[in-house]
Structure formats: C-alpha cells, structure tokens
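The structure under discussion appears below in the form of structure tokens.
In what follows, residues are counted from 1 in the order of the sequence shown. Here the structure is a predicted model, which is why all the values come from computation and not from measurement. Read the numbers this way: they start at 1 and go in the same order the structure lists the ligands and their atoms.
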Amino acid sequence: MLINPSVIYTFAPPKTKEEMAGNITFTMVKPEAVANGNTGAILAQIEAAGFRIVAMKKTQLTAKDAGTFYAVHSERPFYGELVDYMSSGPIVAAILEKDNAVADFRTLIGATDPSEAADGTIRKNFAESKAKNAVHGSDSDENAAIEAGYFFSGLERF
Ligand code: IDP
Ligand code: MG
C-alpha cells in the first residue's frame, strides 16, 4: 500500500475485522504449566478446538507487570500470591481468534478451580490448584482487547 499523504497515520495497533467483531481472546500459559513442559500440549488442545493463533510469545512478567495485568483483583486476598506466582517464571502469551472466542475459550479452559472444572477442559487436564491453574482466559471482549494490547503491538499480529 502506498502512503497516502491525506491520511493521518497513528501507531495504534490496527484492528483486524475479527477484532472489530469481538472474535479474539487473550491467553497465557501460566508459569507452572510452562515449567512442567505442558505448553505444547495446551497449545495443541487450543488449536484442535478451532482457535487460530494470531500472535504468540514466551516472556517473563515482572511483579509490576503482573500487578498491572491483575489490577482488577488488587483488593482480593490472593492478590499478592497471584502477583508472586505470575512473575515466578516464564509464561507463553497469545492472542487467539475464533467466532465467539471469549466465551468458547472460557468453556475450553474450565472453572477457575480445577477440582470444579469439567472433564476434558484444559484446567482439568493440566492445572495444579486454584492458584496454579495452567492458563488465563479473558473474561470479556473489552478485556481481551486491553490484554492483547498490553502484550502485543500491531506488528506482532498475523
Ligand atoms: P479466572 O482466571 O478463571 O478468570 P479470576 O477470578 O479472574 O479467575 O482470578 C484470576 C486468577 O487468580 C485465577 O486464574 C487464579 O490463578 C487466581 N485465583 C483466583 N482465585 C483464587 C484463590 O481463591 N486463591 C488463589 N488464587 C486464586
Ligand atoms: Mg478472570
């Protein structure tokens, strides 16, 4: 595409039509699942369920990063434990695309507490505990867009 001088360009990440339609969600494979060698099996289950990986990276959160990401939980009693845990080792972050992505991904991962998660869900298969529960999944289209933007620029989305 040629640069059009009559258009004002910004560096805001461009939204794909799938994002505009709310068809993305954001996930992390959490530290214990990465450390236990379950990243590949979890990603395979995600792809087998029909999600397309739009962006992905392995990184490690600082306590500040984790605190910002989970700021909505800052008044909860488990916040300190959550921040320590989520910054304790590498995670794998990804943007996922599918029709009805947020709700379908929540179904795929299962309940927060793996003892309450349905059979076959990712948390039932891989989580260690309510805190170390293998994966994150966005809880709304709005938060999916915010979380995806926290980790990935427009240049990292394909
Ligand atoms: P979610 O991940 O299923 O959306 P949230 O209630 O949003 O669950 O909590 C965020 C994360 O905080 C959970 O995935 C889990 O890692 C941790 N967490 C939630 N509740 C507890 C708890 O009661 N004890 C310890 N950790 C918790
Ligand atoms: Mg949540």
Show which atoms of ligand 1 fall inside a sub-4.0 Å distance from at least one heavy-atom site of Asn133. 13 (C), 14 (O), 15 (C), 16 (O)
Do any nitrogen or oxygen atoms of Arg106 come within less than 3.5 Å of a nitrogen or oxygen of ligand 1? yes
What about Lys132: any of its N or O atoms under 3.5 Å from an N or O on ligand 1? no
Within the structure, is a non-hydrogen atom of Met86 found at a distance of less than 4.0 Å from ligand 1? no
Measure the distances from the heavy atoms of His73 to every atom of ligand 1 and state whether one is below 4.0 angstrom. yes
among protein heavy atoms, the one nearest atom 17 (C) of ligand 1 is Leu82 CD1, 3.8 Å
Under the ring-ring contact (aromatic ring centres under 6.0 Å, His included) rule, collect the residues that match up with Phe51, sequence neighbours excluded. Phe105
Asn133 versus Thr112: any side-chain heavy-atom pair under 4.5 Å? yes
So for ligand 1, is Phe78 a polar contact partner (N or O within less than 3.5 Å, distance only)? no
Test of understanding: with side chain to side chain contact (heavy atoms under 4.5 Å, CB included), list the residues that count as partners of Ala131, not counting sequence neighbours. Glu81, Ser129
Are the aromatic rings of Tyr79 and Tyr70 close, with centres under 6.0 Å apart? no
Is there at least one pair of N or O atoms, one from Arg123 and one from ligand 1, spaced under 3.5 Å apart? yes
Test of proximity, Thr112 against ligand 1: N or O pairs below 3.5 Å: yes
Flag if over 12 foreign heavy atoms under 6.0 Å of CD, Glu142: no
Who's the nearest protein heavy-atom neighbour of atom 15 (C) of ligand 1, and how far? Lys130 O, 3.3 Å
How does Lys30 reach ligand 1, if at all, at less than 4.0 Å between non-hydrogen atoms: by side chain, backbone, both, or neither? side chain
Would you say the side chain of Met86 lies within less than 4.5 Å of the side chain of Met28, judging by non-hydrogen atoms? yes
Looking at Lys124, I want to see if its NZ is surrounded by more than 12 non-hydrogen atoms of other residues, nucleotides or ligands under 6.0 Å. yes
Show the atoms of ligand 1 that are less than 4.0 angstrom away from any heavy atom in Ala131. 15 (C), 16 (O), 25 (C), 26 (N)
Trace of the side-chain hydrogen bond (donor to acceptor under 3.5 Å, both in side chains) decision for Asn38 with Glu32: CA-CA 9 Å; Asn38 288 325; Glu32 102 282 7; over 6 Å; no
Counting neighbours of NZ on Lys57 that are heavy atoms of other residues, nucleotides or ligands and sit closer than 6.0 Å, is the number greater than 12? yes
Sub-4.0 Å heavy-atom approach of Asp139 to ligand 1: no
